[in-house]
2 protein chains.
Amino acid sequence: MDFEIAEQNVVDFEKINKIKKILPQDELIFEMAELFKVFGDSTRMKIISALLEEELCVGDIAVLTNSTPSAISHQLRVLKQAKLVKYRKEGKIVYYSLDDEHVRQIYEKGREHVEEV
Amino acid sequence: MDFEIAEQNVVDFEKINKIKKILPQDELIFEMAELFKVFGDSTRMKIISALLEEELCVGDIAVLTNSTPSAISHQLRVLKQAKLVKYRKEGKIVYYSLDDEHVRQIYEKGREHVEEV
DNA sequence: TAAACATATGAACAAATATTCATATGAAAA
DNA sequence: TTTTCATATGAATATTTGTTCATATGTTTA
């Protein structure tokens, strides 16, 4: 009696296991997704665009983005938590600036993709 | 009678107008945010991670990501709409692969940021 | 010290979105 | 042609998330 190898719907375990070994840890994937999530909002992208030029205070960013200082403050907190911006205080004014060269690089790559497709 | 220049809470219009001229169009900002939004989900990031290695069918991706074929199919639609993946059909099986070198570049920059911070 | 101001923060609400479930479509096998 | 299978799709649900509003904090000016 001969036996057959079921070919049809059996997943290719060799292929899958090979890739499974190569895939990054779930934790890393999660953190990358969290990072890109920060870029995935128009208001935050506007803030980043503006900060690419120079450091700005909350009020100026609010004017530039047609938002309220409160909304901007909330979004700056998100950017801060993601380590994308840093700040310095000068009296009651708080100046924000980009914290990392990756921000510029990720921004540029995104822009290239959007402009080319 | 002398007049004073109000210094305190008056926004710096020169500075703001200068930056306003440099900022990208709202439409471009929006599209960039939409692009990054696609990267901003763990399931989609896993799919992208896997496709960085080689083309895969829906079923294999479902196994690799511990998701259902249905959930994966929905997410592949999102990736397709963002022009990040392409596909080819072979009978009833559909093979997906990355559509653009930018995907790899954006992915790598994100990974660098996460691993360094 | 009191008033004005810049920014931050918490709660509430509205909008966006990922997954699930049921079902549809279309292709290969029986 | 009937069944089985791979993938797709629509509706419903649950969760996440951005903004608003009211208020708090801390700093400067009157």
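Below, read A as the first sequence line, B as the second, and so on, with proteins coming before strands; counting in each chain starts at 1.
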In whole Å, I'd like the distance from the [atom1] atom of [X] to the [atom2] atom of [N].
X: A:Gln81; N: D:dT16; atom1: CD; atom2: P; value: 16 Å
X: B:Arg88; N: C:dA27; atom1: CZ; atom2: P; value: 16 Å
X: A:Ile61; N: C:dT7; atom1: CD1; atom2: P; value: 9 Å
X: B:Glu90; N: C:dA27; atom1: CD; atom2: C1'; value: 13 Å
X: A:Glu55; N: C:dT7; atom1: CD; atom2: C1'; value: 16 Å
X: A:Leu76; N: C:dT9; atom1: CG; atom2: P; value: 11 Å
X: B:Phe30; N: D:dG18; atom1: CZ; atom2: P; value: 14 Å

I would like to know whether B:Leu35 and B:Ile106 meet side chain to side chain contact (heavy atoms under 4.5 Å, CB included); could you show each step before the answer?
CA-CA 11 Å; B:Leu35 171 66; B:Ile106 293 171; 4.1 Å; yes
Both distances under 3.5 Å, Watson-Crick or G-U wobble: on that basis, could you give the dot-bracket string for DNA chain D, with [ ] for crossing pairs and | for other-strand partners?
||||||||||||||||||||||||||||||
Distance-only, no hydrogens or angles: does the B:Lys37 side chain make a donor-acceptor pair with backbone N or O of A:Lys37 under 3.5 Å?
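Not a single qualifying donor-acceptor pair exists.
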Backbone of A:Met45 reached by a side-chain donor or acceptor of A:Ser49 within 3.5 Å
yes
Answer with base, sugar-phosphate or nothing: what part of the nucleic acid does B:Tyr96 contact at a heavy-atom distance below 4.0 Å?
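Sugar-phosphate contact only - B:Tyr96 comes under 4.0 Å of backbone atoms but never of a base.
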Given A:Glu54 and B:Ile19, is the side chain to side chain contact (heavy atoms under 4.5 Å, CB included) satisfied, shown in steps?
CA-CA 9 Å; A:Glu54 65 182 283; B:Ile19 296 178; 3.8 Å; yes
Considering only NZ, NE, NH1 and NH2 on the basic side and carboxylate oxygens on the acidic side, decide whether [X] and [Y] come within less than 4.0 Å.
X: A:Arg111; Y: A:Glu108; result: no
X: B:Lys18; Y: A:Glu53; result: no
X: A:Asp99; Y: A:Lys80; result: no

Would you give a per-nucleotide map of nucleotides 14-24 of chain C, 5' to 3', where B means the base has a protein non-hydrogen atom under 4.0 Å away, S means only the sugar-phosphate does, and - means neither?
---SSSBBB--
Answer whether the closest heavy-atom distance between the side chains of A:Leu84 and B:His113 falls below 4.5 Å.
yes
Starting from the C-alpha separation in whole Å, work towards a yes-or-no answer on side chain to side chain contact (heavy atoms under 4.5 Å, CB included) for A:Arg44 and A:Phe39.
CA-CA 7 Å; A:Arg44 288 192 294 266; A:Phe39 286 86; over 6 Å; no
